[in-house]
Amino acid sequence: MAFIYEEPSRTFSEYLLIPGYTDENCIPANVRLQTPLVKYRKGQEDCPITMNIPLVSAIMQAVSNDSLAIALAKEGGISFIFGSQSIASEAAMVARVKNHKAGFVVSDSNITPDSTLNDVLNLINKTGHSTVAVTEDGTGTGKLVGLVTSRDYRVTRMTGAEKVRDFMTPYKDLITAPDTASLSDCNDIIWEHKLNQLPIVDKDGRLVYLVFRKDYEEHKDHPEELLDGDKRLVVGAGINTLDYAQRVPALVEAGADVLCIDSSEGYTVWQKKTLDFIREKYGDKVKVGAGNVVDRDGFLFLAKAGADFVKVGIGGGSICITREQKGIGRGQATALIEVVKARDEYFEQTGIYIPVCSDGGIVHDYHMTLALAMGADFLMLGRYFARFDESPTNKVNVNGTYVKEYWGEGSNRARNWQRYDLGGKTGLSFEEGVDSYVPYAGRLKDNVAKSLYKVKSTMCNCGVVTIEELHQKARLTLVSATSIVEGGSHDVILKNTDIHN
């Protein structure tokens, strides 16, 4: 007969943390949430990619595009751009994040001197950017001959047929900086000369970047910003187990810092084949996570296959109906606890630490702390990020309440059949996700700050100031159904704050 686990699989809501001793050092301001993203020899070397907060966004159409990736990287986390789109489109999103470069911007509004004012207006309407670089060949890396801003023309007093060369600010009148200048150097020039933008040019006069006053000020507002060695924002990208031979090279070329195989179930030969391809072509230079798994065997399989991190969770997402449709999965807390034990065993045997990502099952902010306490190195969130301004979905008003659209990758709307492929399929046979709404919540920055303050506060209650300490010192207890009720407001009549006397 089939093997049957004697213990039921548990969810996060069935656990509580037990407080530890809180000393004078245990205050939220002292808590540091840095966490490793990819495998490394712990104790012998630094992790190649360390995040400043333990949050990554899910590989979903309704969640992770370039705008959310930029916003999350500014807060210290990483987005994995969704892979259920064309290779060219995904690579372009990755490139846009990398080109943001934390203050140094590759110009995407460029024109030639022989173009007209109408051409300029059409370009501004297309890109939404009012600063237009004038280069000899009309590209963002051509020889700079001038700039056009809103101060250079008056639409009401011009016909639209005027040549750009006749009304632009010519190169000789521009203040520029060499491509060796630091962001701090550029800021000093901007303030000294009261500029709104500063072109960065190479020794041959070719445009390299633009630095804007507003971007530098914004940069100072994001102290946890996650940057690569070239001071560019860090970004991830999703891949599948079908077109990886074409998709991976394009994403690497676009600048993706880390990849992740997007699949509903990771304990498969197809994930190994994908990992084998990447290792044979790139060695260890390209970082790639794999998953999802829910037990020790699945983790060890992917670890030995070469995964840089392993994702845990099947059927626990808010829009996922895999368990209903197929009867497969495991309670997220139980799955995470078993995989973390396997990770620690693997580390003891090999000296290689493979980070674990908990994917799914996070309903409340306190679940984040529970997942980290159970041993997760970082969390992948979908519904959480789908609620924010920066996610790619529409904000709509439903019965007087603002919501955002949110759908699963296994829904008919997404039709991401590659994620659920078991070899040779070319379509979605049945749905494993739903199409839904989530309450609109505003800006990512504000919400992430609030959620992580709760995490930091709880860590202080546990007597720890780092995630690694939380792994080592956290104590958890199972709770009964009755005590879950006890944990919320009960036996009182709540005031209606909408009633005005």
Side-chain angles (χ1 to χ4, degrees), residues 12 15-56 75-78 223-226 234 258 287 289 291 296 299 303 307-313 332-333 335-359 361-362 365-381 448 451-477:
F12 292 132
Y15 288 88
L16 287 175
L17 282 156
I18 301 297
Y21 173 66
T22 302
D23 61 26
E24 292 181 347
N25 185 54
C26 290
I27 59 175
N30 289 339
V31 174
R32 293 295 174 263
L33 297 177
Q34 284 84 2
T35 192
L37 176 70
V38 296
K39 68 182 178 184
Y40 67 112
R41 291 191 175 276
K42 191 174 182 180
Q44 301 179 40
E45 62 184 14
D46 293 332
C47 181
I49 305 177
T50 297
M51 296 191 293
N52 292 328
I53 62 173
L55 305 181
V56 302
E75 300 310 311
I78 294 177
E224 298 292 346
E225 205 166 33
L226 191 60
V234 175
V258 59
K287 307 302 180 183
R296 180 178 185 275
F299 172 86
D308 284 295
F309 66 83
V310 174
K311 205 143 61 80
V312 179
Q332 187 66 12
L336 180 59
I337 290 168
E338 181 172 323
V339 169
V340 164
K341 288 179 180 177
R343 175 201 66 197
D344 293 345
E345 290 175 15
Y346 188 83
F347 171 64
E348 290 296 325
Q349 294 170 3
T350 66
I352 298 173
Y353 186 87
I354 300 179
V356 166
C357 170
S358 180
D359 177 17
I362 302 292
D365 285 347
Y366 82 90
H367 288 168
M368 295 181 183
T369 320
L370 285 170
L372 294 171
M374 290 173 183
D377 295 282
F378 58 97
L379 318 174
M380 179 170 278
L381 306 171
V448 166
S451 295
L452 293 183
Y453 190 86
K454 293 180 185 178
V455 172
K456 291 179 179 180
S457 179
T458 306
M459 288 172 63
C460 290
N461 293 143
C462 294
V464 302
V465 293
T466 67
I467 292 175
E468 185 173 12
E469 283 185 326
L470 184 65
H471 288 172
Q472 296 167 354
K473 297 181 180 180
R475 295 180 298 157
L476 296 109
T477 180

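From a predicted model like this one, the values you see are computed outputs, not experimental measurements.
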Subject >> 4.5 Å side-chain heavy-atom contact, Ile352 and Arg41 >> reply: yes
Original post:
Can you name the residues that form a side chain to side chain contact (heavy atoms under 4.5 Å, CB included) with Lys42, not counting sequence neighbours?
Top reply: Tyr40, Phe347, Tyr353, Glu468
Original post:
Is the backbone of Lys454 close enough, under 3.5 Å, to the side chain of Thr458 for a donor and an acceptor to pair up by distance?
Top reply: yes
Original post:
Where the side chain of Thr50 meets the backbone of Pro36, is there a donor-acceptor pair that is under 3.5 Å apart?
Top reply: no
**OP:** Take Met368 and Ser451, measure what side chain to side chain contact (heavy atoms under 4.5 Å, CB included) needs, and give me the verdict at the end.
**Re:** CA-CA 9 Å; Met368 295 181 183; Ser451 295; 4.1 Å; yes
Original post:
Can you tell if the side chain of Leu379 reaches within under 4.5 Å of the side chain of Cys357, non-hydrogen atoms only?
Top reply: no
Original post:
Can any side-chain N or O of Asp359 pair as donor or acceptor with the backbone N or O of Gly313 at less than 3.5 Å?
Top reply: no
Original post:
Is there a donor-acceptor pair closer than 3.5 Å between any side-chain N or O of Gln332 and the backbone N or O of Val312?
Top reply: yes
Original post:
Does the side chain of Thr466 reach to within under 4.5 Å of the side chain of Val31, using non-hydrogen atoms?
Top reply: no
Subject >> Verdict with supporting geometry, Val356 and Phe299, side chain to side chain contact (heavy atoms under 4.5 Å, CB included) >> reply: CA-CA 9 Å; Val356 166; Phe299 172 86; 4.2 Å; yes
Original post:
His367 vs Phe12 aromatic rings, parallel, tilted or perpendicular, using cut-offs 30° and 60°?
Top reply: tilted
Subject >> Whether Arg475 side chain and Leu17 backbone form a donor-acceptor pair below 3.5 Å >> reply: no
**OP:** State, yes or no, whether a side-chain contact exists between Glu225 and Asn52 at a heavy-atom distance under 4.5 Å.
**Re:** no
Original post:
So, do Val464 and Cys26 sit near enough that their side-chain heavy atoms are less than 4.5 Å apart?
Top reply: no
Subject >> Side chain to side chain, Val38 and Val258, heavy atoms closer than 4.5 Å >> reply: yes
Subject >> Flag side-chain contact, heavy atom, 4.5 Å: Leu476 against Leu370 >> reply: yes
**OP:** Could you note down all residue pairs passing side chain to side chain donor-acceptor pair (under 3.5 Å) where residues 15-32 supplies at least one of them, sequence neighbours left out?
**Re:** Asn25-Asn30
Original post:
Can you find a heavy atom in the side chain of Val339 that is under 4.5 Å from one in the side chain of Arg296?
Top reply: no
